[in-house]
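Heads up: the structure comes next, in structure tokens.
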Protein chains: 2
Amino acid sequence: MMNGDPLTRPEMAAERIAVLARAAEPGARLGTKEELRATCGVSVGTFNEALRLVQARGLVSVRPGPGGGLFAAEQSPMVRLGHSVLAIDADQTSVADAVRIRNALEALLVEDALWHASPADIAQMRDLIGEMALAVDALDSTAFTRANWRLHARIAAVSPSEMLRSIYTGLLDLIESHTLAVLPTGASALAHLSQRHRLHADLVQAIADRDRPAAQRLVEEHNTTI
Amino acid sequence: MMNGDPLTRPEMAAERIAVLARAAEPGARLGTKEELRATCGVSVGTFNEALRLVQARGLVSVRPGPGGGLFAAEQSPMVRLGHSVLAIDADQTSVADAVRIRNALEALLVEDALWHASPADIAQMRDLIGEMALAVDALDSTAFTRANWRLHARIAAVSPSEMLRSIYTGLLDLIESHTLAVLPTGASALAHLSQRHRLHADLVQAIADRDRPAAQRLVEEHNTTI
DNA sequence: AGGGCATAATCATCATGATGAATGGAGACC
DNA sequence: GGTCTCCATTCATCATGATGATTATGCCCT
């Protein structure tokens, strides 16, 4: 199933069905299961496995009864978006891309936090700022980075937009999984961590104060300095 | 498979396996197919269908031989991102959200176009600007909007970041599928379309001139006026 | 014309058995 | 110790048959 692996028989059959479904008008009848199974040249069980795969992708629907069988379905736009993300070649993906997109979305999330953050939300953000401060004191840049990510995830959680949250936290996850190995250490790290901590504390304060101009300035600074 | 439909037997079994896989450490052995099939309480064929589903989601891997069977896999971050997008409840998704996220990404794409657009790319953008002009003359706001979307898709296609392109065009697709029914008509539309056309033509000119400040100003204007 | 019923088509799921391939581990040999 | 072979384990795919559910259509009755 992963890029580069040879396709299993059900996967090949699924791809065959997908090609037929995409070439048809939405709602068009593709044929009975038996007819399509013969077209794919696989056994009944293997065909059923393939069918599960293409149904899960929203490409076909299946009906019993006279005139029944397989019908081309139109993937909903959300499903298309999900599958286009799944189809991204992981080898062509850089952390820099993810960071860049994430930074573009940061401003939206802070905007949402200005409007939607409750006192309880802000208290939790402050807890995380406290954890970041402990990490600075301990000169532990790994712990600092982790707390920092948790702070950003917490800010994101305030947004009422599920789509925005999902995309953002997915990107954060991707960045996390690639970044832990290259964290700065040493005396210069202390100044950097302190500065970074200050920036985040000021950001949370701007959210708590509902101070949009300050928040926007801080996001801009956040996104243009590492 | 869609939200709200009763789960089929293979889907229920797949969910059961997914729960087990997520609860385990990556790489941990979950058991033989036969053991897990008994746990799920389904027939062999149904279990195999379920297994295809969870394998496709990157949650398990399967090995033959002594000590073989099912193993918990760790979804790659890209796969997690794709599935989190797939899991977004379509009923909770608004076009306004999609537009907002798309606008945030627009600046990145224009930035990429400034650096990566070839003369051929720019010529094609200009063709689309020409189509938009024809639509203004014909007072056809549907055709204008379509040409406008194609222009944006064309600008996006210049970006070397597959991730950015995929997310952006998926959002554009989502916006397209929801928006066609509410386009303005009438005399006021002419002034609006002309202004909008002018804005896009200036944007393409800024890209062609590699004029970053102008491009940024135009994106900002693009994103703050409808 | 509308509603209900019967029939046929088609699918969802179940059950069973078989062959060939892939894998890991143990034992034998150098 | 390293390598190779053999054996047992386990899976991938195939084949066949069955039952019960769902669906569309046609016919009959009111």
Q: Tell me what A/Gly45 touches on the nucleic acid: a base, only sugar-phosphate, or nothing, going by heavy atoms under 4.0 Å.
A: nothing
Q: Would you please confirm or rule out a distance under 4.0 Å between OP1 or OP2 of C/dC14 and any side-chain N or O of B/Thr46?
A: yes
Q) Just to confirm, is there a sub-4.0 Å distance from OP1 or OP2 of D/dT9 to any side-chain nitrogen or oxygen of B/Arg63? A) no
Q | For atom CZ of B/Arg9 and atom C1' of D/dA21, their distance in whole Å | A | 14 Å
Q: Provide, to the nearest angstrom, the distance between the CG atom belonging to B/Leu36 and the P atom belonging to D/dC11.
A: 9 Å
**Q.** Interatomic distance where CD belongs to B/Glu34 and C1' belongs to C/dT16 [whole Å]
**A.** 12 Å
Q) So which one's nearest nucleotide on DNA chain D is more toward 5', A/Phe47 or A/Pro64? A) A/Phe47
Q.
For C/dC14 and B/Arg37 - does any side-chain N or O of the residue sit under 4.0 Å from the phosphate oxygens OP1/OP2?
A. no
Q: Just compare D/dC14, C/dA15, C/dC11 and give me whichever is closest to any side-chain atom of B/Ser43.
A: C/dA15
(Q) Assess whether a salt bridge exists between A/Arg150 and A/Glu131, defined as any Lys/Arg side-chain N lying under 4.0 Å from an Asp/Glu carboxylate O. (A) yes
(Q) Let me spell it out: for each of B/Gly68 and A/Val62, pick the nucleotide of DNA chain C with the closest heavy atom. Which residue's pick is nearer the 5' end? (A) A/Val62
**Q.** Spacing between B/Arg52 atom CZ and D/dT13 atom C1', to the nearest angstrom
**A.** 9 Å
Q: Select one nucleotide: of D/dT13, C/dT13, D/dT9, the one nearest the side-chain heavy atoms of B/Pro66.
A: D/dT9
**Q.** Rounded distance in Å - CG (A/Asn48) to C1' (D/dC14)
**A.** 13 Å
**Q.** Ring centre gap for A/His192 and A/His197 strictly below 6.0 Å
**A.** no
Q | Gap between atoms CZ and P, on B/Phe71 and C/dT23 respectively (whole Å) | A | 12 Å
Q.
I'd like to know if B/Asp97 pairs up with A/Arg165 as an ion pair, taking the criterion as any Lys NZ or Arg NE/NH1/NH2 lying under 4.0 Å from an Asp or Glu carboxylate oxygen.
A. no
Q. Centres of the B/His83 and A/His83 rings: under 6.0 Å?
A. no
Q.
For A/Gly41 and B/Thr32, find the nucleotide of DNA chain D closest to each by heavy atoms; which residue's nucleotide sits nearer the 5' end?
A. B/Thr32
Q.
Within the 3.5 Å criterion, strictly below it, is a donor on A/Glu49 or A/Thr46 matched to an acceptor on the partner's side chain?
A. no
(Q) Rounded to whole Å, please give me the gap between CD in B/Glu35 and C1' in D/dT9. (A) 12 Å
Q) Side chain of A/Glu49: nearest nucleotide among D/dC14, C/dA12, D/dT13? A) D/dT13
Q | Whole-Å gap separating P (D/dC11) and CZ (B/Arg29) | A | 8 Å
